Engineer: 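Have a look at this one.
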Amino acid sequence: MTTESTPQSLESEHTLLAGSEWWRTAVIYQIYPRSFADDDGNGIGDLAGITKRLPSLAELGVDAVWLSPFFRSPQKDAGYDVADYCDVDPLFGTLDDFDRLLAEAHDLGLKVIVDMVPNHTSDQHRWFQEALAAPEGSPERDRYMFRDGKGPNGDLPPNNWESVFGGPMWERTTKADGTPGQWFLHIFDKSQPDLNWENPWVREQFRDILRFWLDRGVDGFRVDVAHGMIKEAGLPDYTPPAEGASMGGAQAASDVTPLEPVIQDSPPDPPYWGQEGVHDIWREWHAVLAEYEGDRVLCAEAWVDPLEKVALWVRPDEMSQAFNFAYMFTDWKAPALKRVIIESIAAFGAVGAPATWVLSNHDVVRHASRLALTKDSPQGAGIGPKSLGKPDPVIGLRRARAATSLMLALPGSAYLYQGEELGLPEDMELPDEARQDPTWFRTNGEKYGRDGCRVPIPWESEEPAFGFNSTGASWLPQPAEWASYARDGQIGVPGSTLELYRAALRLRAENDLGGGELTWIKGYGRNVVAFRNGDVTVLANLGKVAVELPVGEVLLASEDVTGGALPRDTTVWMRVSA
Ligand code: NOJ
């Protein structure tokens, strides 16, 4: 044990501006429909499967669910390539299935958020097919980002931008007579052409799409690529900084003494991310949501740096929440975590918005693996059979439990990703032939991509596909050892990860931690994150040495703390005696 005493001096205090909307404090559970529950047994999850499993989420204690896209789509990017925003893909069911899901969720007291994908459509969308068929310079072409190529015959792409999934960000079209035509921009796969958001027609279509879903009763939208929809005028060439240089201050400054303000130099935004013009769109969308009664949420997926810039997405007349990716990617080091928490609360609080914490989603290595990696793994690269620095699963799970226990004690909103409540790790051994992520194909296997966090989740250890369905089919193979993570082996079992999540969610609600304020506590050393939220004391020991606990009642512990010591990689919530 350390020799440090445990005085609880007030070091700093942060206040979130008051507001009563449900989403300010909500815990929102991300459902990835293809991998949650499969009612028809074809190996791909569906809406009817989700509806049947919703009671388990009410039992878990979350406030809302976010559904990743289930719209009509050729599924080139797992549904993030939408061919019809106002219909359900037959793979997932029908609009009636959606209505049943929504009604059942509302009956259970769960809000429902759907995933809007406005930056790009599928190349199979009617708008794009019409644009391809229309002449250059036509209004149909102006819905997308068509440009002439460079070079004498237009053989070169209009600029040097590289797709997020690898390869060029431009694809050349072929004219009706078979000769090469203009190029079109696609930030992601070539099957995902970018829309032209400078075009008022595009804006009008999406206002109507929002109303279509709001009329059905959805409680809001998660907005895909909310930072990419406006491009810098002239589409200038761009050379990104070396990998890692733009990951935000949180990682880079992990050795900085906490609570000292650190001025971050962040590299200029690429000409396709974070352009000022996106904010006009959010003001328009905000106004559409305001046409409806009740609190509806807009949550931005905005990969921009630094946090002060992310906060611009959630000014009072724009969106409600923005995922805190700086927090997600902070190293498992106490000084860095303290600093990113302080900066987040300050940045979002300055515009009256809640901080929106998140540790896992369908695009990143699951945090039960990520937190124990011993080598950097850039976002999207994934971990596969040949990766170096693979995590120790025991350390990974232990850290994940501690990290979630810390996150759920923070004021603001928090997102969970399906399966993390079971302690699921990344599947790092997927065979190459099973892979589906376009990243894998566009980088010729150089990057594994995101399939490892998307494997269907286990419900019952003895059932086919671990209860994902009744046939045993699974669009990505499930590792045999996932039987030991199945929900039926954890429910009601003291100490299981599922019971830890349930207890944390119950206590978070009972103590209104989501609506609380943080008071930092000194005296536990630089490897412990220590604060009070209301009268709950939270201590997370990220160091190697156990720390003495104060006297009081233990409310929640991510590991065994009997004996009065807080071991390494452990978080505890306490009611400390006066
Ligand atoms: C972000 C989504 O989360 C990701 O899964 C998708 O591939 C890209 N946007 C493109 O839509």
Side-chain angles (χ1 to χ4, degrees), residues 69 71-87 89-91 117-202 205-206 224-225 228-238 270-272 433 435-447 449:
F71 316 111
R72 263 189 198 271
S73 159
Q75 305 292 323
K76 293 274 170 51
D77 183 22
Y80 283 93
D81 49 321
V82 179
D84 184 347
Y85 292 89
C86 296
D87 201 1
D89 196 285
L91 208 51
V117 189
N119 177 69
H120 46 267
T121 67
S122 158
D123 60 358
Q124 300 307 306
H125 196 292
R126 180 173 52 81
W127 302 339
F128 190 70
Q129 290 299 316
E130 288 170 357
L132 282 180
E136 293 173 13
S138 61
E140 288 82 0
R141 287 251 163 149
D142 193 43
R143 299 165 180 171
Y144 291 87
M145 308 282 293
F146 284 93
R147 294 290 185 279
D148 293 332
K150 280 188 175 162
N153 303 313
D155 287 345
L156 299 173
N159 67 24
N160 71 346
W161 298 358
E162 281 179 26
S163 153
V164 169
F165 291 159
M169 218 188 257
W170 294 92
E171 184 71 13
R172 196 163 193 187
T173 59
T174 307
K175 295 184 188 171
D177 64 6
T179 58
Q182 285 188 302
W183 299 69
F184 67 87
L185 182 79
H186 57 90
I187 290 187
F188 297 92
D189 189 54
K190 66 178 183 187
S191 64
Q192 296 165 295
D194 276 47
L195 284 160
N196 172 17
W197 274 88
E198 310 278 3
N199 182 340
W201 182 89
V202 169
Q205 304 310 303
F206 272 91
D224 191 61
V225 199
M229 293 155 67
I230 297 288
K231 282 76 179 174
E232 190 176 322
L235 311 182
D237 277 353
Y238 172 72
Y272 40 89
E433 56 280 11
R435 295 195 178 277
Q436 312 242 353
D437 186 346
T439 310
W440 166 257
F441 300 101
R442 288 188 64 90
T443 62
N444 294 319
E446 196 186 306
K447 293 185 177 176

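These numbers were taken from a predicted model, which means no experiment stands behind them.
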Engineer: Check this for me: does any side-chain nitrogen of one of K76 and D81 sit under 4.0 Å from a carboxylate oxygen of the other?
Structural biologist: no
Engineer: Show the numbers, then the answer: is there a side-chain contact (heavy atoms from CB on, under 4.5 Å) between R147 and L235?
Structural biologist: CA-CA 10 Å; R147 294 290 185 279; L235 311 182; 3.6 Å; yes
Engineer: What do the steps show when you test Q182 against R141 for side-chain hydrogen bond (donor to acceptor under 3.5 Å, both in side chains), and what is the final call?
Structural biologist: CA-CA 10 Å; Q182 285 188 302; R141 287 251 163 149; 2.9 Å; yes
Engineer: Would you call the rings of Y238 and Y272 parallel, tilted or perpendicular, where under 30° means parallel and over 60° means perpendicular?
Structural biologist: perpendicular
Engineer: Roughly how far apart are K150 NZ and N153 CG, rounded to 0.5 Å?
Structural biologist: 15.5 Å
Engineer: Keeping to residues at least two apart or across chains, list the salt bridge (Lys or Arg N to Asp or Glu O under 4.0 Å) pairs with something in residues 185-194.
Structural biologist: D189-R442, D194-K231
Engineer: Does R172 pair with D155 as a salt bridge, N-O distance under 4.0 Å?
Structural biologist: yes
Engineer: Before you tell me yes or no, could you show the steps for I230 and E198 under side-chain contact (heavy atoms from CB on, under 4.5 Å), namely the whole-Å CA-CA distance, both residues' side-chain angles and the distance that decides it to 0.1 Å?
Structural biologist: CA-CA 7 Å; I230 297 288; E198 310 278 3; 3.6 Å; yes
Engineer: Does the pair H120 and L185 meet the rule for a side-chain contact (heavy atoms from CB on, under 4.5 Å), with working shown?
Structural biologist: CA-CA 10 Å; H120 46 267; L185 182 79; over 6 Å; no
Engineer: Should F441 and F165 count as side-chain neighbours, where that means a heavy-atom distance under 4.5 Å?
Structural biologist: no
Engineer: Would you say the side chain of P69 lies within less than 4.5 Å of the side chain of F71, judging by non-hydrogen atoms?
Structural biologist: yes
Engineer: W201 versus W127: any side-chain heavy-atom pair under 4.5 Å?
Structural biologist: yes
Engineer: Considering the options V82, V225, L195, which one meets the side chain to side chain contact (heavy atoms under 4.5 Å, CB included) requirement together with V117?
Structural biologist: V82
Engineer: Using 30° and 60° as the class boundaries, would you call the ring planes of F146 and Y144 parallel, tilted or perpendicular?
Structural biologist: perpendicular
Engineer: Got Q192 and Y80 here, is their nearest side-chain heavy-atom distance under 4.5 Å?
Structural biologist: yes
Engineer: Rounded to the nearest 0.5 Å, what separation is found between the CD atom of Q124 and the CD atom of Q129?
Structural biologist: 5.0 Å
Engineer: Pair D237, N159 - check side-chain hydrogen bond (donor to acceptor under 3.5 Å, both in side chains), show working.
Structural biologist: CA-CA 5 Å; D237 277 353; N159 67 24; 5.1 Å; no
Engineer: Hey, what do you get for CG (D224) to CE (M229), rounding to the nearest 0.5 Å?
Structural biologist: 9.5 Å
Engineer: Whether the side chain of S163 engages the backbone of I187 through a donor-acceptor N/O pair (distance < 3.5 Å, no angle test) should be reported.
Structural biologist: yes
Engineer: Mind checking what makes side chain to side chain contact (heavy atoms under 4.5 Å, CB included) contact with D123, not counting sequence neighbours?
Structural biologist: F128, S191, P193
Engineer: Can you find a heavy atom in the side chain of T173 that is under 4.5 Å from one in the side chain of F184?
Structural biologist: yes
Engineer: Quick one: are R143 and Q205 in side-chain contact, heavy atoms under 4.5 Å?
Structural biologist: no
Engineer: Do other residues, nucleotides or ligands put more than 12 heavy atoms under 6.0 Å from the CD atom of E162?
Structural biologist: no
Engineer: Measure the shortest side-chain to side-chain distance between P271 and P236 over non-hydrogen atoms and say whether it is less than 4.5 angstrom.
Structural biologist: yes
Engineer: Should the pair W161 and W170 be assigned to parallel (<30°), tilted (30 to 60°) or perpendicular (>60°) ring geometry?
Structural biologist: tilted
Engineer: For the backbone of D142 and the side chain of N199, can you confirm whether one donor and one acceptor N or O come within less than 3.5 Å of each other?
Structural biologist: yes
Engineer: Run the side-chain contact (heavy atoms from CB on, under 4.5 Å) test on W440 and K447 for me, step by step, so that the C-alpha distance in whole Å, both residues' side-chain angles and the decisive distance to 0.1 Å come before the verdict.
Structural biologist: CA-CA 6 Å; W440 166 257; K447 293 185 177 176; over 6 Å; no
Engineer: For residues T121 and Y85, report the shortest heavy-atom separation together with the two atoms involved.
Structural biologist: CG2-OH, 3.5 Å
Engineer: Is it the case that the side chain of T179 and the backbone of K175 share a donor-acceptor pair, with hydrogens and angles ignored and the cut-off at 3.5 Å?
Structural biologist: no
Engineer: Hey, are the side chains of F188 and N119 touching, using non-hydrogen atoms and a 4.5 Å cut-off?
Structural biologist: yes
